[in-house]
Amino acid sequence: MPERIVFPKKGQTRLESFELPDMGDNDVRVRTQYSVMSIGTETTILHQKYAPDTHFAKWFSFPQTKTGVQAIAVVEKVGRSVTEHSPGDTVFMRMAHGSHQVIATQNLTPVPAGIDLKNACWCGLAKTAFRAAWAADFRYGASVLVIGAGPVGQMVTRWAAAAGVSDLAVADISEARLRHAIDGGATITFAGNIADNSDSVGMLDGGRGPSTIIDTTGNPSALSYALSFAAKFGKIILLGDTGYPDRQQLTSDLMEKGLTIQATHDSHDRDGWTQRRVDKKFFELVAAGRFNLDGLITHEFAPEDNEEAYRLAEQQRNETLGILYDWTRQEY
């Protein structure tokens, strides 16, 4: 019988059996091969780290059955009207951690041959990061600072490098994560508390400071630092989705420097960049060797070991990036 990872209560996880819905004519039934945890979002939901008046509170409650956002699967069966997928095809999907899914055909993206299937799972968070990349208008000659080298920060770094950004700085408290950022194209890194690196950050772009700053942390205190670091007429992209927006503070830098703040979200399809179009571009860059994903899967678990996986994500976050569930180990 199909199984899925759920959050029955705050702070609790388990693997449970469930029944798949009936298939419609435009649906596809798939069996999951691998799924990768979205560490920040999933632990925020699991431990309810958000204020009661936020969109997190509107969207999520317990028991929570939608626990993940990116997975690779093999098609088992297609509906009568489905023509673009066939049994045996390998596909990417934005779905929760589960052994099987029934999903509309338009919500699946083919995975090209030759792509490592575990790394292909990153397509989901790569799309999230693309929203910030598109808003930032990455280009050669731009001075970019990415605050946070977690999973989404790693994806932002790679989009910037692929776009030709030559002055690409990444800041994080974890030196291990920063090494992965360098592998992804970062040209300079700042380790430790961001406040302790203010003088060094200010020297970017010949002392003008970064013209574009992308905050991927979800830490409400990061905004005030970003405002102080930004170059005159610079742009700050908020990609990290804080659960406590009332703790974010503006500073006089906003007015004095004429700064722009733009929020981006995974759901913000703009200028024709749909999920499938971003997926295609991601796989093109990976295949061409321009989007290095080597080593980003740092831990692998069987689905039944989900309690250990989420404990690791919460308690040893600086040592983790990609936490992968391997569904191929199970027999159904």
Side-chain angles (χ1 to χ4, degrees), residues 4-7 13 28 30-46 59-60 64-75 89-104 106-112 115-133 150-159 180 184 216 218 239-241 264-269 273-286 291 293-301 303 306 309-310 313 320-328:
R4 63 187 178 186
I5 297 171
V6 301
F7 303 157
T13 73
V28 176
V30 301
R31 175 171 175 170
T32 304
Q33 303 293 290
Y34 308 104
S35 61
V36 167
M37 188 187 299
S38 177
I39 294 175
T41 299
E42 291 182 44
T43 56
T44 292
I45 296 167
L46 173 61
W59 294 347
F60 303 107
Q64 180 58 234
T65 60
K66 297 179 180 179
T67 56
V69 295
Q70 48 190 1
I72 297 298
V74 173
V75 174
D89 288 352
T90 301
V91 293
F92 168 78
M93 59 183 180
R94 299 297 297 271
M95 292 295 284
H97 300 299
S99 64
H100 297 76
Q101 305 286 352
V102 170
I103 182 171
Q106 66 266 24
N107 294 329
L108 296 172
T109 300
V111 178
I115 302 291
D116 180 275
L117 296 186
K118 294 180 180 180
N119 282 340
C121 291
W122 287 111
C123 191
L125 290 185
K127 181 252 192 175
T128 300
F130 180 85
R131 300 306 187 201
V152 173
Q154 297 290 340
M155 297 299 107
V156 171
T157 299
R158 283 152 177 79
W159 283 118
H180 287 290
T216 72
L239 178 59
D241 199 4
T264 59
H265 190 270
D266 181 70
S267 63
H268 294 170
D269 288 0
W273 284 100
T274 61
Q275 172 77 57
R276 277 189 163 184
R277 187 179 176 191
V278 178
D279 293 348
K280 182 180 179 181
K281 174 57 67 176
F282 168 78
F283 286 130
E284 287 177 356
L285 292 172
V286 172
F291 209 103
L293 301 169
D294 293 345
L296 291 185
I297 301 295
T298 56
H299 299 80
E300 297 188 20
F301 289 90
N306 58 86
Y310 284 105
T320 64
L321 275 172
I323 298 179
L324 178 138
Y325 289 116
D326 184 348
W327 297 89
T328 66

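Below, each value reflects all heavy atoms present in this structure, side chains not excepted, and no hydrogens, waters or symmetry copies. Worth saying up front: this structure is predicted, and the values here are computed from it rather than measured. In what follows, residues are counted from 1 in the order of the sequence shown.
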Exercise. Indicate yes or no: at least one non-hydrogen side-chain atom of R158 is less than 4.5 angstrom from one of F282.
Key: no
Quiz item: Side chains of T128 and Q70: closer than 4.5 Å at any heavy-atom pair?
Solution: no
Quiz item: Do you know which two heavy atoms are closest between L117 and I72, and how far apart they sit?
Solution: O-CG1, 3.4 Å
Quiz item: Is any side-chain heavy atom of S38 less than 4.5 Å from a side-chain heavy atom of L125?
Solution: yes
Self-check item: Pair V278-R131, side chain to side chain contact (heavy atoms under 4.5 Å, CB included): steps then yes or no
Solution: CA-CA 9 Å; V278 178; R131 300 306 187 201; 4.2 Å; yes
Quiz item: What distance do T90 atom OG1 and I115 atom CD1 have between them, rounded to the nearest 0.5 Å?
Solution: 11.5 Å
Quiz prompt | Pairwise side-chain contact, M155 with L293, heavy-atom cut-off 4.5 Å (strictly under) | solution = yes
Self-check item: Short N-O contact, K127 and D266, less than 4.0 angstrom
Solution: yes
Exercise. Enter the distance from M37:CE to I5:CD1 here, rounded to the nearest 0.5 Å.
Key: 7.5 Å
Exercise. Just do the side chain to side chain contact (heavy atoms under 4.5 Å, CB included) check on V91 and V30 with the steps written out, would you?
Key: CA-CA 9 Å; V91 293; V30 301; 4.3 Å; yes
Exercise. Test side chain to side chain contact (heavy atoms under 4.5 Å, CB included) on K281 and W273 and set out the steps.
Key: CA-CA 10 Å; K281 174 57 67 176; W273 284 100; 4.3 Å; yes
Quiz item: Any side-chain heavy atom of I45 sitting closer than 4.5 Å to one from K66?
Solution: no
Quiz item: Is a side-chain N or O of T298 found less than 3.5 angstrom from the main chain of L321, in a donor-acceptor match?
Solution: yes
Exercise. Search all heavy atoms of E300 against all heavy atoms of I297 and return the closest pair with its distance.
Key: CG-CG2, 4.0 Å
Self-check item: Separation of T216 OG1 from L239 CG (nearest 0.5 Å)
Solution: 6.5 Å
Quiz prompt | Name of the residue among F283, F130, W159 meeting ring pair (Phe, Tyr, Trp, His ring centres under 6.0 Å) with F291 | solution = W159
Self-check item: Interatomic spacing from CG in L324 to OH in Y34 - rounded to 0.5 Å
Solution: 7.5 Å
Exercise. Looking only at non-hydrogen atoms, find the nearest pair between K118 and V36 and report the distance.
Key: O-CG2, 4.4 Å
Practice problem: Would you give the length of the straight line joining atom CD of Q33 to atom SG of C121, rounded to the nearest 0.5 angstrom? | Solution: 9.5 Å
Quiz prompt | Heavy-atom pair of closest approach, residues T65 and A96 | solution = O-CB, 3.8 Å
Quiz item: Has the side chain of T109 got a donor or acceptor atom that lies under 3.5 Å from a matching backbone atom of D279?
Solution: no
Exercise. Of all the heavy-atom pairs spanning W327 and P303, show the shortest one and how long it is.
Key: CE3-CG, 3.4 Å
Practice problem: Would you check if there is a donor-acceptor pair between the side chains of S35 and H97 at a distance under 3.5 Å? | Solution: yes
Exercise. Would you name the heavy atoms of H100 and T32 that are closest together and state the gap between them?
Key: N-OG1, 4.2 Å
Exercise. Check the pair V286 / N119 against side chain to side chain contact (heavy atoms under 4.5 Å, CB included), numbers first and verdict last.
Key: CA-CA 9 Å; V286 172; N119 282 340; 6.0 Å; no
Quiz item: Side chains of Q101 and L108: does their closest heavy-atom pair fall under 4.5 Å?
Solution: no
Practice problem: Check whether any side-chain heavy atom of I323 sits under 4.5 Å from a side-chain heavy atom of Y310, and report yes or no. | Solution: no
Quiz prompt | Spacing of T41 atom OG1 and F60 atom CZ [to the nearest 0.5 Å] | solution = 7.5 Å
Self-check item: Check: D326 and F301 side chains under 4.5 Å, non-hydrogen atoms
Solution: no
